[in-house]
Amino acid sequence: MLTDANIRRAAEWISQAKSVVVLTGAGVSAESGLTTFRAPEEGMWSKYDPMELATIDAFNRDPELVTRWYHWRFTKALDVEPNPGHAALANLQRWLDGAHKRFTLITQNVDGLHQRAGSTGVIEIHGSILRWRCTETGEEMPLTDVSFETFPVPSEAGGLMRPCVVWFGEMLPPEAIEGATAALSSCDVFLSIGTSATVYPAAGFIEIARTAGAKTIEVNRDPTPIGGGVDRAIAGQSGVVLPHLVELLKQMGDGRDELE
Ligand code: BJW
């Protein structure tokens, strides 16, 4: 059941804001059919050990296993379609652009679904599964140029190809962190959507926004560690809540001509 008062209040804050930052996580892609990481029953980490798959040590130890897992993940990512939650965020960006407000979409997702839904300037803080790079030279290539005839995939320079994702213990792309921090430090409204808010530094973004004086909103299907501390917690599926939120904004004035 949608908590309409919370969604309405969130829409009012967004309509009054000069700068909005959204942080998304795996939950936003769940309704497209991609598995999240930490759900007790269906999450990937309930079946696989992240330390055996999402670290450079795991890759060095068993590059075949890790390459097969990421190959399966990117095949899935290409097979699915953006869902109404992705579309609503692209629509929100158009609405805010039309109202001359700043909008920054920061995603932890590596699946490219926000871009396929029409979002632009997306900050991918955990990289992308759609690009792979050589372990020797760092040269990146889109996945269409990577031949998966063998697992692991050898690179021309004598190394291996690995996905351009950020594994545990690895630094996030500096330009992504800089862009995210700049936007968070000057936003009026911060939304955390479909993330368990457990992986740093992303889990700390809410504090940067709060310190900047932003109203904080969470949209999540389940309780999270930050849910009790946000200004408005909206319980529900992002593919249901976000279109409803954007529909309310449509009724509120500025920027509405930009909505489809
Ligand atoms: C719905 C829904 C629906 C479902 N609608 N909702 C400070 C303190 C403690 C530890 C650290 C710290 N700083 C750094 C660390 C270490 C580490 C870390 O955070 N560990 C924690 C586990 C404690 N961080 C790092 O290592 C990071 N690097 C770093 O900080 O470098 C500097 C440094 C290095 C060394 C030491 C110290 C500092 C890198 C983190 C990289 C994370 N990588 C992964 C894999 C990426 C590639 C891949 O995709 O395979 O990123 S792990 C995985 O978790 C993935 C995700 O992006 C990330 C976050 O997960 P997310 O998106 O929140 O998914 P879930 O499944 O957890 O949650 C989904 C949510 O959706 C749930 O709440 C559902 O209820 C909800 N949901 N359906 C709405 N329809």
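Counting starts at 1 for both ligands and their atoms, following the listed order.
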Test item: side-chain donor near acceptor, T107 and T24, under 3.5 Å: yes

Side chains of Q108 and T195: donor-acceptor distance under 3.5 Å anywhere? yes

E12 vs R8, salt bridge (charged side-chain N to carboxylate O under 4.0 Å, His left out): CA-CA, chis, key distance, verdict: CA-CA 6 Å; E12 283 166 5; R8 181 164 290 281; 5.2 Å; no

Polar contact flag for A30 and ligand 1 (N/O pairs, less than 3.5 Å): no

Nearest candidate to atom 4 (C) of ligand 1, where distance is taken over non-hydrogen atoms, out of E218, Q108, R221, M171: R221

Can you tell me if K215 uses its side chain to pair, donor with acceptor, with the backbone of D188 under 3.5 Å? no

Just heavy atoms, cut-off under 4.0 Å: does T195 contact ligand 1 by side chain, backbone, both, or neither? both

Which of the atoms of ligand 1 are close to Y70, meaning less than 4.0 Å from one of its heavy atoms? 47 (C), 48 (C), 50 (O)

Does an N or O anywhere in N109 fall below 3.5 Å from an N or O of ligand 1? no

Would G236 count as a contact residue for ligand 1, given that I'm defining contact as a non-hydrogen atom of the residue lying under 4.0 Å from a ligand atom? yes

Taking K250 for its side chain and L245 for its backbone only, find out whether a donor-acceptor pair lies under 3.5 Å. no

Consider every N or O of T224 and every N or O of ligand 1, then say whether any pair is closer than 3.5 Å. no

What atoms of ligand 1 come closer than 4.0 angstrom to any heavy atom of G25? 62 (O)

Which atoms of ligand 1 sit under 4.0 Å from any heavy atom of V110? 49 (O)

Any sub-3.5 Å donor-acceptor pair from T150's side-chain atoms to V153's backbone N or O? no

Kindly say whether G239 contributes a backbone atom to a donor-acceptor pair with the side chain of E31 at under 3.5 angstrom? yes

Could you name the option among V166, D111, V199 that has the heavy atom nearest to atom 44 (C) of ligand 1? V166

Suppose I only count heavy atoms of V165 and a 4.0 Å limit; which atoms of ligand 1 are within that range? 47 (C)

Suppose I only count heavy atoms of L172 and a 4.0 Å limit; which atoms of ligand 1 are within that range? 27 (C), 28 (N), 29 (C), 39 (C)

At under 4.0 Å between heavy atoms, what of V28 touches ligand 1? The answer is neither

Give the single entry among H126, R38, E170 that approaches atom 54 (O) of ligand 1 most closely by any heavy atom. R38

D222 heavy atoms, cut-off 4.0 Å: which ligand 1 atoms fall inside? 74 (C), 75 (O)

Could you tell me, atom by atom, which parts of ligand 1 come under 4.0 Å of a heavy atom of A26? 61 (P), 62 (O), 64 (O)

Verify, without hydrogens or angle tests, whether S186 (side chain) and A182 (backbone) share a donor-acceptor contact under 3.5 angstrom. yes

Quick one: does G169 get an N or O within less than 3.5 Å of an N or O on ligand 1? yes

Is the ring pair W167/Y70 parallel, tilted or perpendicular, if the boundaries are 30 and 60 degrees? tilted

Indicate, with yes or no, if V20 and L89 share a hydrophobic cluster defined by side-chain heavy-atom contacts under 4.5 Å among Ile, Leu, Val, Met, Phe, Trp and Tyr. yes

A58 and L53 have their tightest heavy-atom pair at CB-N, 3.7 Å

Does any N or O of ligand 1 fall below 3.5 Å from an N or O anywhere on V219, backbone included? no

With only distance considered, is R73 within less than 3.5 Å of ligand 1 through an N or O on each side? yes

Ring geometry between F148 and W132 (parallel below 30°, tilted from 30 to 60°, perpendicular above 60°): perpendicular

Hydrophobic cluster identity match, I177 and I106, side-chain contacts under 4.5 Å: yes

Can you confirm whether more than 12 heavy atoms, excluding those of E170, are under 6.0 Å from its CD atom? yes

Would you mind running through ligand 1 and noting each atom that sits below 4.0 Å from a heavy atom of G194? 6 (N), 69 (C), 70 (C), 71 (O)

Looking only at distance, does E31 have an N or O less than 3.5 Å from an N or O of ligand 1? yes

Using distance alone, decide if ligand 1 has a nitrogen or oxygen within less than 3.5 Å of any nitrogen or oxygen in F37. yes

Run the contact test for P201 against ligand 1 with a 4.0 Å cut-off on heavy atoms, strictly below, and give the result. yes

